2 protein chains.
Amino acid sequence: MGEQKQYDPDKYERPSVTVDIVILTLRESKLQVLLIQRKNWPYAGSWAIPGGFVEMNESLEAAARRELAEETGVDDPAIHLEQLHTFGDPGRDPRMRVISVAHMALVPDGQLALRAASDASDAGWFPAYDPPPLAFDHDQILSCAIGRLRSQVETTPAIFRLLPETFTLTELQSAYEHVLREDLDKRNFRRKMLSSDLLAETQQLRSGDHRPAKLYRLQEDAAGRHKAQRPYP
Amino acid sequence: MGEQKQYDPDKYERPSVTVDIVILTLRESKLQVLLIQRKNWPYAGSWAIPGGFVEMNESLEAAARRELAEETGVDDPAIHLEQLHTFGDPGRDPRMRVISVAHMALVPDGQLALRAASDASDAGWFPAYDPPPLAFDHDQILSCAIGRLRSQVETTPAIFRLLPETFTLTELQSAYEHVLREDLDKRNFRRKMLSSDLLAETQQLRSGDHRPAKLYRLQEDAAGRHKAQRPYP
DNA sequence: ACAAAAGTGTTAATTTTACACCCATGG
DNA sequence: CCATGGGTGTAAAATTAACACTTTTGT
């Protein structure tokens, strides 16, 4: 900060600072969010977005990654984690003044070892667009995450952070459709995607119950072209 | 935050929390930022983005508006103020752990009573795209603000928050050009603007040295409509 | 053979770009 | 009368939107 009065910082009461993490994934073709159930006052029994205190020697991102690892077992710098917004209204937590730096993490559905944190009676995945009632101002935080995700998905290759390394075009389209909540035209979608330079064709096929589908992966250098243009729509 | 261990919050050392405000305006047809000169260690003599501590009973936005009023004399809820990002790396301020919630304010050039804060030896406007060396991580904060402004200007009517109530189309175009740093085609610009439903024609003309120009104002209900493309927070 | 998902082109509509001259006023 | 900024239209190109059938596999 830039002020420069001869403040004695100790004469100011200080708030607690936490990070909250909206952890999103695509499971069962739906956008889902990880929530933990509170055991204690306030909001005992309600579901909440996971979070925790920022320690004095760690950055905000480090704190968020630490919490992410604690909740999901995922400790991978490749996981997409971004800061969303800071929520700091006095009274948002009745126990004390808590300023919370909200983050969003996008994790591919996979072997997420969902280990409930020691302080949660339970943890689970819920439909992000239709969550249970949430503690504190966590409905706002979730809305903020979903809004950001949608905007990212429309303008960057963020969708791939929710997908496994290889995927079919139908899976990719379905991911877009479930995040954006709109139906896309199959032929237009495929034409646009294939002409976008975002995808690399693999040699493999996904054999399933029906006609096998080509598998694609994100083009290696696509991260850089990120901001450039909207892949879809 | 959502964790719920039986934390004793007092056993945690707490960081200081501040708000910093990137105050932007269009002066002399240039995008300019308000900076204050530091008098004391660290970065004595450097220019810095104004800011100050968040008090225990005020929201982050209230703190930012209070600082904005202290620096500029502008105390108007209509001023566009938005939260940008929170900067909290340990060591960003050598005096202590400071977590700063950066904001951006857009003020129309006008009778800004620039009163230097008591702790600043001076305050002044500087070209936002070509600022002097800045204290702390304030270059990052400024870049963040400019990036956000550009994205807002491309997708929302934010540009009008930098303009006086009435303006000519040429002034409007010039505002876009100086914020986006690109030249726009006059006829395409005017056609697009006039067909956008964002503008209301006034009966007045701006008489200057040459042919008078029609004055426009932002359409009353325009705040909602242009939101179409990118919602950010 | 059939059910189910994969894959494939064309046309119309809309949006974006490029581009140059006349008009109204003040000095 | 002239210098200066205000104001205007059209055509080509690019992008987007709408739309239905054939292919391949497993059962």
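No experiment lies behind these values; they were computed from the predicted model shown. Each chain gets a letter, A, B and so on, in the order its sequence line appears, and its residues count up from 1.
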Item checked: Atom-pair distance (CG on Leu215(A); P on dA6(C)), nearest Å -> 11 Å
Item checked: Below 4.0 Å: OP1/OP2 of dG7(C) and any side-chain N or O of Arg190(A) -> yes
Check: Rounded to whole angstroms, how far apart are CG on Leu205(A) and P on dA6(C)?
Finding: 12 Å
Notebook entry, point to check: Does dG5(D) have OP1 or OP2 sitting under 4.0 Å from an N or O in the side chain of Thr170(B)?
Noted result: no
Notebook entry, point to check: Within this structure, what is the CZ-to-C1' distance between Arg206(B) and dT4(D), rounded to whole angstrom?
Noted result: 16 Å
Check: How long is the line joining CZ of Arg187(B) and C1' of dC22(C), in whole Å?
Finding: 12 Å
Checklist line | Identified side-chain hydrogen bond (donor to acceptor under 3.5 Å, both in side chains) partner of Arg148(A) from the options Gln83(A), His85(A), Glu82(A) | finding: Glu82(A)
Notebook entry, point to check: Taking atom CD of Gln204(B) as the centre, does the number of heavy atoms from other residues, nucleotides or ligands within less than 6.0 Å exceed 12?
Noted result: yes
Item checked: Residues Arg181(A) and Glu177(A) bridged, charged N to O under 4.0 Å -> no
Next item on the list: Go through dT25(D), dA18(D), dT17(C) for me and flag the one nearest to the His210(A) side chain.
Entry: dT25(D)
Item checked: Whole-Å gap separating C1' (dA6(C)) and CD (Glu171(A)) -> 12 Å
Notebook entry, point to check: Closest nucleotide of DNA chain D for Arg191(A) versus for Tyr216(B): which of these residues is on the 5' side?
Noted result: Tyr216(B)
Notebook entry, point to check: If you check every side-chain atom of Pro212(B), which of dG6(D), dA6(C), dA24(C) has the closest atom?
Noted result: dA24(C)
Next item on the list: Would you please classify the geometry between the Phe189(B) ring and the Tyr176(B) ring as parallel, tilted or perpendicular, with 30° and 60° separating the classes?
Entry: perpendicular
Margin query: Quick check on dG7(C): is either OP1 or OP2 less than 4.0 Å from any side-chain nitrogen or oxygen of Arg211(A)?
Written below: no
Item checked: d(NZ, Lys186(A); C1', dA18(D)) in whole Å -> 16 Å
Check: More than 12 heavy atoms of other residues, nucleotides or ligands under 6.0 Å from CG of Asp139(A): is that the case?
Finding: yes
Notebook entry, point to check: What integer distance in Å separates Lys192(B):NZ from dT8(D):C1'?
Noted result: 19 Å
Check: Tell me: CG of Asp209(A) to P of dA6(C), nearest whole Å?
Finding: 11 Å
